[in-house]
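Let me begin by presenting the structure, written as structure tokens, before commenting on it.
In each ligand, atom 1 is the first atom listed, and ligand 1 is the first ligand listed.
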Amino acid sequence: MTGPRGTTLEQALAAWLPAQRWFAHKGHDVAAVEVLHREVLADATTDGGPRTEHLLLAVELADGTRPGYQVPLGLRAELPVALEAWALEGPVDGLVAYDALRDPECIRVLADALAGAHDVGALQFRTEDGVVLEPGMGGRVLGAEQSNTSVVLGEHLLLKVFRQVAPGVNPDLELHRALSAVGCSSIAPVRAWLQGELGGETTTLAMAQDFATNAADGWSMALTSVRDLLSEADLHAEEVGTDFAGEAERLGRSVAEVHQVLATALGSAPRAAGTSPVPAMLARLDAAVAVVPELAELAPAAHALLSAAAEVAVDDEVQRIHGDLHLGQVLRTPAGWLLIDFEGEPAKTLAERREADSTLRDVAGMLRSFDYAAHQQLHDTAPNNQLEFRAKEWAARNTDAFCAGYAEQSGADPRDQLVLLRAYELDKAVYEAVYEARNRPTWLDIPLKAVARLCGVRTRPPLVSPDDPRTEEDDA
Ligand SMILES: Nc1ncnc2c1ncn2[C@@H]1O[C@H](COP(=O)(O)OP(=O)(O)O)[C@@H](O)[C@H]1O
Ligand SMILES: O=P(O)(O)O[C@H]1O[C@H](CO)[C@@H](O[C@H]2O[C@H](CO)[C@@H](O)[C@H](O)[C@H]2O)[C@H](O)[C@H]1O
């Protein structure tokens, strides 16, 4: 397939992919692109409407790896100005090719295929039993793109089109379906999905679930609460109108509900004899030191904390969990909290993300997020003891409220397993240090300070001022 100027579709894609927000291999050179599968979903219409295609790609990187990617493509003879930003360089089959998910006409083709719940070549559009989707739903891409592209359909469904795809069932679909089947109130039920074949395996390509209108994400709500507290630094967290503790407690209950349903639906078991989560944590720490040299001086204390956890991590239960829980993965609707995005930690393989794990990993993820929210507005400002004291107080208050809510719902308080909980928090903070070093270097000090705090390493001068609100205990 060659354009008049000699550009092949593969070459055009190789040049285009690295510039896309969702391309997860930024910084890697794209050596070549192979089109693994190409399906025409709709031909161009006589009145100038687009041709809509679906592409599965293997993207060959300079290091020899070949991650899979999904690209629905629109093709038009003439491109409306609004689509120019999403176009590939050079014509394909004499047409201009672009990201189909930016074109409402292409989205309608996808939505109709989903409503039809049939196969198009090797693509299988599926709906849950009893679900009928009306044809003709319009669509729009939701806000800023993240790892994937999410499209609101008919203002009541959210279609998440996975961009990087690995062979197999995506845990986002698998866990959402398990939770939907029993009517779990803390997730948005899944209604339909798209699957195809990759590497000989049935592979999840997209998922449609109820769209929560009027929802606020937990991260924005928490930041507002912290901002209000810090702007009135003589007040305590409970005296501020936007105190978050009630929400944190409800959130704890929702997370516990999801854990309970996942254990009931998909099982739980004692960790296999002779296995422990700690060796993987130690390995991750050692690997992280190579990426973030600042971790080196904290490593001995971190090793000590993790070794202590190894003593107690022998008889904990494991089950399917969320795997990447933080305040950006929860939505507050008028009815309560919803957990979203059950894909698991992006750095792990699909097989690793589908392994049973400790629920403490999710709890620790949320506690780390309270710490992030508390310190995010202070991390690049001049040190201020008063404000740091308040931030710490906010994180502690919401940690307690979250754990209390979790305990009320599940009957088990995560704080009763403090040594193990601290190990999971440390493991997450180490992961975050690598994440920040690679993605947001100016935020690196947030997880680094957390690693030091969790390990009991002092990172600032001891208290000197008589009116310093910190106590030696706070400072420890
Ligand atoms: N069911 C839903 N209803 C409303 N908004 C949602 C829903 N699920 C996700 N979102 C919004 O879409 C954004 C992206 O969703 P997410 O599953 O986290 O995708 P990604 O994997 O691309 O990060 C979220 O930050 C949230 O704001
Ligand atoms: O893209 P994902 O949502 O899967 O998660 C990745 O990006 C997150 C940042 O958006 C990152 O989360 C870290 O920063 C958050 C604030 O932006 C904070 O609330 C989290 O606690 C902190 O871990 C996440 O680690 C990463 O996997």
Side-chain angles (χ1 to χ4, degrees), residues 20-24 70 101 140-153 155-165 170-173 175-176 179-180 186-191 204 206-223 226 251 322-335 337-348 353 361-377 379 395 398-399 402 424-440 442-444 446-447 450-451:
Q20 304 314 303
R21 164 70 181 85
W22 41 261
F23 187 66
Q70 171 175 211
L101 298 178
R140 62 180 168 90
V141 168
L142 187 70
E145 278 188 311
Q146 307 191 3
S147 321
N148 301 297
T149 303
S150 293
V151 179
V152 184
L153 296 180
E155 293 305 316
H156 63 89
L157 280 184
L158 188 71
L159 177 68
K160 177 170 172 176
V161 179
F162 297 105
R163 290 301 193 161
Q164 198 185 340
V165 285
N170 191 304
D172 208 7
L173 176 67
L175 300 188
H176 265 111
L179 292 158
S180 304
S186 300
I187 53 112
V190 63
R191 305 296 183 194
T204 312
M207 176 181 89
Q209 60 184 150
D210 284 359
F211 176 59
T213 43
N214 284 329
D217 74 277
W219 175 246
S220 311
M221 288 175 69
L223 284 190
V226 175
L251 186 54
H322 181 283
D324 187 26
L325 198 58
H326 57 80
L327 283 162
Q329 308 279 43
V330 291
L331 296 178
R332 179 69 162 99
T333 72
W337 285 102
L338 299 181
L339 276 59
I340 59 168
D341 196 359
F342 285 72
E343 275 193 87
E345 216 176 75
K348 290 186 174 168
R353 290 190 262 138
R361 188 179 292 286
D362 281 349
V363 171
M366 197 52 83
L367 303 193
R368 288 290 314 120
S369 219
F370 292 140
D371 180 69
Y372 253 80
H375 292 100
Q376 192 272 338
Q377 290 161 78
H379 78 103
N398 288 291
T399 291
F402 178 87
Y424 280 109
E425 286 180 82
L426 178 64
D427 186 52
K428 181 75 178 186
V430 166
Y431 163 83
E432 289 165 344
V434 173
Y435 177 87
E436 300 303 357
R438 290 192 171 137
N439 296 288
R440 302 182 292 202
T442 59
W443 289 38
L444 178 57
I446 301 178
V451 172

Residue [X] vicinity, atoms of ligand 2 by number, heavy atom under 4.0 Å:
X	value
Tyr431	25 (O), 26 (C), 27 (O)
Gln329	3 (O), 4 (O)
Pro346	4 (O), 27 (O)

* So which of Arg353, Lys348, Arg361, Lys428 actually passes side-chain hydrogen bond (donor to acceptor under 3.5 Å, both in side chains) with Asp324? ->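 Going through Arg353, Lys348, Arg361, Lys428 one by one, the side-chain hydrogen bond (donor to acceptor under 3.5 Å, both in side chains) with Asp324 is satisfied by Lys428 alone.
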
Could you check which of [options] puts a non-hydrogen atom nearest to [atom]?
atom	options	answer
atom 2 (C) of ligand 1	Asp210, Asp324, Leu338, Asn148	Asp210
atom 13 (C) of ligand 2	Glu343, Lys428, Glu345, Arg440	Arg440
atom 11 (C) of ligand 1	Leu339, Val330, Leu142	Leu142

* Asked: Is it true that Phe211 and His156 have ring centroids separated by less than 6.0 Å?
  ->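 No, ring centres 6.0 Å or more apart.
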
For ligand 2, is there an N or O atom under 3.5 Å from any N or O atom of [X]?
X	answer
Tyr372	no
Ser369	yes
Asp341	no
Trp443	no

* Under 4.0 Å between a Lys/Arg side-chain N and an Asp/Glu carboxylate O for Lys160 and Asp341? ->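 Looking at Asp341 together with Lys160, the answer is yes, because their closest N to O distance falls below 4.0 Å.
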
* Decide whether the shortest distance between a heavy atom of Glu432 and an atom of ligand 2 is less than 4.0 Å. =>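 In this structure, Glu432 qualifies as a contact of ligand 2 - some heavy atom is under 4.0 Å.
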
Can you confirm, on distance only, whether ligand 1 has an N/O atom lying under 3.5 Å from any N/O atom belonging to [X]?
X	result
Lys160	yes
Ala212	yes
Asp172	no

* Please confirm whether Ala215 comes under 4.0 Å of ligand 1, counting heavy atoms of the residue only. =>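 Under 4.0 Å: no for Ala215.
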
* Can you tell if the side chain of Met221 reaches within under 4.5 Å of the side chain of Leu331, non-hydrogen atoms only? ->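 With C-beta onward as the side chain, the pair stays apart.
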
* **Proximal atoms of ligand 1 relative to Ala188 (non-hydrogen, under 4.0 Å)** =>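 Near Ala188, meaning under 4.0 Å from one of its heavy atoms, ligand 1 has 1 (N).
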
